[in-house]
Structures are given as C-alpha cells and as structure tokens.
Amino acid sequence: MSGSLLTPNLVGLCRSLTEILLGIVKAIFDALSLPGLGSWFMSPGVVVFFTYLIATLVMVMWAALVNLLSVMWVERKLYSRIQDRRGIMLGVPWPWSKKYKRGMTNLGWGFLQNIADGVKLLQKENITPASADKLLFHAAPAIIVSSTIMVFAVFPFSENFYYTKVALGVLFVLAALSLGPFAIILAGYSSNNKYTLIGGLRAAAMMLSYEIPLILCVVAVVLLSGTLDPFQMVAVQERPLLGTIVPSWNVFSPPQMLGFVIFFIALVAELERIPFDIPEADAELVEGWTTEYGGMRFGFLFGFKWLRAFAGAGLLVILYLGGWNGPVFATFSVLGYPIPILPQEFWFLLKTYLVVMVIIWISWSIPRVRADQVLKIGWNRLIPLALLTILGAAVFKTMGWF
Amino acid sequence: MGVEEQALAKLRERFPKLLLESGSVRPGVGRVKIDRKDLVEICFYLKEELGYEHLSCISAVDWRDRYECVYHFTRYSDGSMFQVNAIIPHDDPHIESLCKFWRSATYPERESYDLMGIVFDHQPDLRRILLPPDYRFFPLRKDFPQEVDRQYISRRKLKTGGV
Amino acid sequence: MAEFWVNMGPQHPMTHGLWNLRIKVDGETIVDAEPIIGYLHRGVEKISEVREFQKVIVLTDRLCYVSSITWSHAYCLAVEELMGIEIPERGKYLRVISLEIQRIASHLMWLAAFGADIGLLTMLLYALRERELFLDLIEIMAGLRLNSNYTRVGGVRNDVPADFEKSCQRVIAHFLKKLDEYEDMMENSKTFLMRTQGIGKLSKEDAINWGVTGPNLRGSGADVDLRRTIPYEVYDQIDWEPAIEKDCDCYARSIVRMREMRESCKIVLDALKKMPPGPYRMKPPRRAEGEAFRATEDSRGEALFYVAADGDDRPYRVKIRSPIFCTLAAVPQMMRGHKVADVVSIMGSIDICVGEIDK
Amino acid sequence: MFLVFSAVEIVGAILTVTSKKLVRAAFWLLITLITISGIYILLRAEFVALIQILVYAGAVPVLLLFGIMLTRKKMLEESETSEAK
C-alpha cells in the first residue's frame, strides 16, 4: 500500500533536525572559542531533550493549530453552504490574487475568519464571576485542553507520523477523552450559575451514558483484531477482503457494521454535536456549561471541542475505516524503491475530514433531541446493541469467519 | 331578527330591571349597559345559557364621572359578539372578578388594575403586571398627566427666563 | 433534587424579546412557571389618547414588528366602525392582499424562530431567506419593509403598481416549492416529531377558557378563524379553508401555521384575480363620537381594538387586546410536568411577540 | 519521579479529606487518582494505569459529583432577594 511521507518517523526527523541545529550552535560556540559549551550542546542528553521539545512543538502545532483551524474552517464553510449564508464567504482573499486587491471581498476563502475570531477572543477580558469557585473555575479549561492535547501523544497520523508508540494506544486515547466530562462538570459547578449547573449535570449524565457504548464498541473491535495497538489494528485491516479488491476494513465485517453505527452515534454524543448537544443547548441553557467563560478561556473550551471532534473522527477512522490505508494504485516503485504519490497522511486526513464533514452535515440538518430522550436512546438502544456487537465479534472470532 | 336580537330578547326577559341600556351595535353584535353589582349574574347567564364562551377582552375606561368596565364576549358557533358595559362609580373603583368563569380573565383584569386602578374583588392574583411592582400611579386614568410638551417648556423657559 | 427557580430571561435566547419566564424546576422537570412581562411597556394606549385618529397608526404598526399591517388594520377597522364609514371595494381587496402577505411573513418569522429554538439553525436561515421575498412584496406595496404604515383609516395608503400581480405570482410559486422543502425538514423528520408530539397539550375547552386564540386555538381542534366566523373586509368572497388540527400539541400548532401559509398564498392569488378597479381610499371624517370595537384575525390570534371617542379628533380611549398576552396566561398550565428542553418547544410553538404583549 | 508523584498524591489525599467544599474534595481526588496511575506507569503496568484513568479518574469523580449535586440542597436554594414578588 501507500507509504508514509515522514521517514523514518516524527521523532527521528526531529532528531536529525536537532542535530543540525545543535551542530550550528556548536560551530558558533567553537568560533567563540568556548569548546566546552559547544560539546555540552552535542551531548546525548541535550540532543534528546531538544529532540522531544521540537517533536512536541511540531505535534501540538500540527494538531492544535493546523487541524483545529482546518476543522473549524471546514465546518463554517460547510454550514454556510448548507444554510445559504453569506457571512463566512467574506474573507481576506489570497494576498497574491491581483484581481481582488480592493481588500475584503466575498470571493475569499474565508480561512482567515478563524484567526480573526481567535484574535478577537484574545483581546477580550477574561471575566471571572465574583461568586465562582476560583480554583475549579480556572482548572476546568486547563483540564479540558490538556486532556485533549494528551490524545495526540499517541495519535498516529500514519505509520511514521506519531509522537510515541504505545502498545495500548487506543486505550490511551479513550482514557484521555474520558477526562473531559469531569472538567465539564467542574466548569458547570464552579461558575455558580444555574444554566451552567444544569448544563454540567446534563453533560455528565450524557457522557457517562454514551462512553459505555463507545468503549463496548472498541472492545468488539479489539476482540476481532486482537490488539490495542493502533498500528497493528490498521495493519489487520490492510489486506483485501476474501479475494476481492475491497479492503478488509472493520466496517465491512458484519458484526462491526452495527458497531460502526453505534460508535458513530456515541461519538457524536461525546462531541456534543447538535442532535445530542443538550449540555449547551443554546436555546434553553444560553450556552450551557460554557456560559460564564469569556475571552480566550471560552475560545479554548469552544475550539477544543472541534479538536476533540477531529480526534474522535480520527479514532473512528483507525478503528473502522482502515486508518491510513489508501487504494493500491497510489504507490509505484522507481528502481525498486516505493514512491507514494499520495502519502498515508493524505489518506488518513481525507478519511478523517470526510467523517468530520458527515458529523457537521448531520448536526446542521436535524433538530436537537431532548435530554431524557438522549439518555433513553443511550441506555435502551445503544448499550444492548453494543453488547450484541461484542457477542457477534466473539462468535466471528471463534468461528474464524473473519 | 338577528342572533344578537334573540340574545337581547332573552336577556330582557330574564333580567327585566337590570339592563340600564340595551341595543344592537351592528349585525351580530349586541350591547348592554349594567351596574357593577349585576355583572356576575349576567355574565354567568351569557356564558351558560346563551353560549358566549369566549371572553375576549376586558377594557376599563375612565369617563371622568364614572369608570366603565367593558367586557367583550364571543360565541364561536355563529361568530356573534356581545359587549357588556359595567358602570363603576368614580370614587369606589371596585368590581367583581370573572376569574371563576373564565380563566382568561386573569391577565386582562390584572392589566386593568395595573393601568387603571380598578380593583377586582375575589381575584386570586391581583398584582401589577406590566408596570413595576412598586409603582404608585395608575397611568391610564385621565387625571394622570398625559404628556409633557417639551416645546412648550422650552418656549416658556425662553419667555420667562427659567422655571 | 431540590426544587429551584430558574429565570429564563429577560435576556435569553428562548424569549424572542424582552420578558422573563421563571420556571421552577425539579432537576429537569418543570414544576411551575410564571411569566413576568412588562419590560417593553411603551404605553401605546396612553400615547394614542393625544394623537389624532390617523396618527395612531404609527404606533399600532410598532406593536409587533413582525406583523405590523395586521395590527394597523385591526385599529383602522375599529376606527372606521366608530366613524361609520365604508371603504371602497378595491381598498378592501388591497387590504386583504397586504394582510395575507404580512401573515406569511409573520409565520415565516415564527418558523425561523421555532427552528432556532429546537436546534435547527438551518431552518432559521431558510425561513428568513424566504421572508425577504415577502418583505420585498410589502415594500413594493407600501414603500417600507417592516413598519409599513400601509393601512389607513378609510382605505390604504396607495395603489399597487401595475406589475404587482406578476411579481406576487412569481414569489408565491417559488415559495410553495420551498414550503415543501420545509415540510421535509420539519414534519417528516423523526427528531422534530420527538421534540413536538405530545408536548404542551392544551385541550379545546381549556384553550377557549384560557382565551387562547388564533393558530394556537386551531391547533387544539377548534374551528375558529375570525376571518370566517366574523367575516371582515372581503374574506367571505374568497375561497379558502381554515387550517385545523386536532392533536392539541406543539406539532399540531406548527402544522396549522404551515398550512395557513399555503392558504394565505391561495388567498393572495385569489384576491389579486378578483380585485376590481376603482378608488382605494376615501377621506374619513375628522371627528367621531361613541365607542366601537372590531375583532380581527391577527397572525397570532384575535386582535381586538376597542376605541372610544368623545367627539374630539382623537380617541378618548384605545384598548388593545393582544392575543399572545392572553395566551401567555395559559403557558404555566401547558408547561407543568414537561422537561426544561420542552420550554423552548412550547414557547416556540405559540409564537411569542413581546411588542404586542407589553403594548 | 516516584517521589514527585507520591508527594503530589499525599498532598492530594490530605486535601481530599480536609477540604470543606465537597466538589473541591472531588477535584483533589481526581489529582490523587491520576498520580496513582502515574505510579503504575513507573511500575511498568501501563494497562492498569490506563484503566485507572479510564475508570477511576474518568468515571468515579463524575459519579461522585453527580451524587453531591443531586443531594445537596443548600447550593441550589433560592436567596430571598431574587424572589420577584
């Protein structure tokens, strides 16, 4: 199949980058006749330290800046298209476009809109309510942001584009995502407002009840593929299915089809998208648990929901849609060396963004469900069906059908 | 004989002495004028016997020498309406509430109390509704100063030099 | 869980204006509710006592910015009754056309707000997009989009341009197609049914007793449309059917409004066809004496104006009966026992307009 | 590393039992549980550590807070001044 863009891997790349940079630093210190300091910079500990520093920065920048802004941009573009909106079409055009030099036009791509929003949020005052529980009020956004960033520590974008390789990667992602509800309920409580309190309670109730089918579906996938390692999980899905050209993605196996649907619904609920966005139902609870936050703190809470959406969609792609596997024809070899035309990262991002777009599409075309109905769907429908999925997966595994 | 004439005839027959004034406004609309003490009796008769089921409006009018509470009733089956003017003396603005028969009387009665200061006896929830609870005036009364003529004030200020 | 009061308003996305709904919740269940209004009280009734008859129309236009023509028309009818004048036939037809266009625009505003309430933001933008077309029609008729000041005592302000019928037909043909789309989005959507069916029940007897009127009453199964029960203008010469649903819940109320939009389209086209040539306005007398009232079918219910005059050139007393003011009294009963999220369905389905509540 | 973790854990545990606000106690409990999972990682028991976060840190304090919020009355009671009569 297609190869990865990053070789050997992110950390390795960063290591060579660090070595080059530190070599320049050493040369400067040598020129300043400080050879001791120069060779200290080249010592292995320092190199490793800077390597991981740079790798972390690259990963966080990539995830939280590039992908976060892209997901936001995709969402805005898509719902503007769906709703016949004009606003988002207004944006600064490309600087090199000579045709639209007059400034703001409605033919721009609108990509800078998010950055403008971010700048606006940064300029706003961070208001802390007088009667809020200060410690928890400040801790809640930090927990949400850090737990979301934590996901990307083990999140593989391709065979080589990852930060660390953990054998229990999927479990790690789920554990990191499961810290969110606690922060939400903390935020809801500490704002000392009835809307946030109701929103926080709703969020906690909903996330508790939807995390269970989510994890049960993962259990079914783990049963079939026999591993918790995302890399092996993708490798299992790589071969073609029973002599056809259809790849053996988990979604094509009979028990996992159901699991895919359940996982998708539970994911939408986890991400608080519109059919299940009762914690922040803006018509009834103003903004739910984020009501009292302002400025960039609100920006964090709001933006990292999109990042969670991205991470969740990526998890869905890894578990069910074959991860970074692309079609076979995407690679050709020159002199026996495989050259990817479209690298694995491209396929992974393509699938992830498609899933994100489906989520956006759903959320802007149906009304929101009531809180008790959400819980009813979760407990009465999804959990039994998820258990059924596990049963089916176990049967298939035992009989060796898949 | 139109529907309102039939209703009026029945009313005249039932309450020969109570109707101070009765007549037909336009086809389908009747009008009687009564004293405030007979209101409940006549309205109950209108609702139960004549089928005027919908109390659409309660308006209070300040005629300087008396108040009038004007009730409009509708009968949905043929669309005939009925207007009942209840006369209230100016020095004692009290009238019986109709909340027992029409729950829809609650809000209009509160509004009439709020703006005109007519007290509805036996109203379960007689509070101010539009104006703030600590407001002390009844603005729709005719003795409430209606309008401050700003131009007049400025003209007077120019003329007299202040005040 | 402890019961506690939640203030929904005065500034809350659900309120569609400036009022306050205090709900007492037990967890998520509503135990009690109490509307608190008066934040927007402008004293229209008092101001109109010092204005001449014709000049009050400016105020009645602003009673409800969503459906200004229907309010001015109700006032004009009452004043014409008071003065005892009969307006020209063409004026009546023009009034009916403007009323129905305004009704469609108002119902589209309701649809937009209802969609946003139950979380369907797409509906908001779609409905507002189509509302623009009807506001454009009103602009062609009256010269203004919102507070159009079109209906006058004694007729309407001006005649319509020659090609008005054609633009009306074009807009309505386009709108009827879009209306099918809305029905797909709303009535045929499972989520919408989950949110509205069985919510906010108000039986027919209760509705009449509470004084609920208009589409809300027709959603409760009562065959009451004042355009038909107490015909005014030329509604008795036009073919149309009132929309009546028997379910008594939010769903029925929304269906009634959707069907009413179709009926209004029919009325507009029919009235345009039957409209006779001739004068559209007459000169009303300056002074009047006595008292008069007229009830009309506003886009939200029964709008009744009671006008009394003492022989001056201005009304002695104007009383406005606003439909939502009376409907609001029934809201606590509709809400008891439902969930917090149903507040928005119920309030959205009865189509609040604060301008007319607070007068 | 172990010393850091255990110090944080001991401080968190002490604050858990001494803090007056129950919600804060739950917050410190979360800190304690997360540091315990850090200690598990030091012991090379990654699976247990992740399950610790998933189950104990992710779910138990949430349930705890849920219980606190559903049972505590004082927090939700209306103050006298906000009664609009």
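Order of the sequence lines sets the chain letters (A, B, ...), proteins ahead of strands, with each chain counted from 1.
- Between C:H41 and B:L115, the closest side-chain pair of non-hydrogen atoms falls below 4.5 Å.
- There is no contact between C:P231 and chain B, counting heavy-atom distances below 4.5 Å.
- Distance check, rounded to the nearest 0.5 Å: CG of C:D358 to CG of B:L130 gives 5.5 Å.
- At least one side-chain heavy atom of C:Q333 sits under 4.5 Å from a side-chain heavy atom of B:R103.
- At a 4.5 Å heavy-atom cutoff, C:L40 makes no contact with chain B through either its backbone or its side chain.
- Summarising the local packing, NZ of C:K55 is surrounded by 12 or fewer heavy atoms from other residues, nucleotides or ligands at distances under 6.0 Å.
- Summarising the local packing, NE2 of B:H122 is surrounded by 12 or fewer heavy atoms from other residues, nucleotides or ligands at distances under 6.0 Å.
- With a threshold of 4.5 angstrom between heavy atoms, B:L131 approaches chain C through side-chain atoms but not through N, CA, C or O.
- At most 12 non-hydrogen atoms from other residues, nucleotides or ligands lie less than 6.0 angstrom from OH of C:Y65.
- Between B:Y107 and C:C326 there is no side-chain heavy-atom pair separated by less than 4.5 Å.
- Contact check for B:W63 versus C:R317: no side-chain heavy atoms found under the 4.5 Å cut-off.
- With a 4.5 Å cut-off on non-hydrogen atoms, B:T74 touches chain C through its side chain but not through its backbone.
- For the pair B:E111 and C:K319, the salt-bridge criterion is met [side-chain N within less than 4.0 Å of a carboxylate O].
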Given the rule in the side-chain contact (heavy atoms from CB on, under 4.5 Å) test, do B:Y76 and C:D223 qualify, once you have shown the distances and angles that lead to the verdict?
-> CA-CA 8 Å; B:Y76 279 143; C:D223 183 7; over 6 Å; no
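- Counting all heavy atoms, side chain and backbone alike, C:I208 lies closest to B:H54 at O-ND1, 4.0 Å.
- Of all heavy-atom pairs spanning B:F101 and C:N209, the tightest one is O-OD1, 3.4 Å.
- Taking each heavy atom of B:G79 and C:I230 in turn, the nearest pair found is O-CG1, 3.3 Å.
- Under the salt bridge (Lys or Arg N to Asp or Glu O under 4.0 Å) criterion, the residue pairs touching residues 76-85 of chain B are B:R75-B:D78, with sequence neighbours excluded.
- Neither the backbone nor the side chain of C:T327 has a heavy atom closer than 4.5 Å to any heavy atom of chain B.
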side-chain contact (heavy atoms from CB on, under 4.5 Å) assessment of B:Q83 paired with C:E291 = CA-CA 11 Å; B:Q83 176 178 339; C:E291 48 175 1; 3.4 Å; yes
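- For chain B, the nearby part of C:Y306 is the side chain; its heavy atoms alone come within less than 4.5 Å.
- Between C:R321 and B:H72 the shortest side-chain heavy-atom distance does not fall below 4.5 Å.
- Proximity to chain C is limited to the side chain of B:R31, based on heavy atoms less than 4.5 angstrom apart.
- Salt bridge present: C:E34 and B:R127 bring a charged side-chain N and a carboxylate O closer than 4.0 Å.
- The part of C:E81 that comes within reach of chain B is its side chain, from C-beta onward, which places non-hydrogen atoms under 4.5 angstrom from that chain.
- Residues forming a side-chain contact (heavy atoms from CB on, under 4.5 Å) with C:T229 (at least two apart in sequence, or on another chain): C:V224, C:L226.
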Going through the distances and angles, do C:F325 and B:I129 end up as a side-chain contact (heavy atoms from CB on, under 4.5 Å)?
-> CA-CA 11 Å; C:F325 180 74; B:I129 184 166; 3.9 Å; yes
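- Atom CD1 in C:I320 sits 10.0 Å away from atom SG in B:C57 (nearest 0.5 Å).
- Counting heavy-atom pairs closer than 4.5 Å to chain C, the top-ranked of the candidates B:K47, B:R64, B:R128, B:R110 is B:R64.
- For B:R26 and C:F293, the positive end sits near the middle of the six-membered ring, less than 6.0 Å away and at most 45° from its axis.
- Heavy atoms of C:E302 lying under 4.5 Å from chain B belong exclusively to its side chain.
- Proximity to chain C is limited to the backbone of B:I58, based on heavy atoms less than 4.5 angstrom apart.
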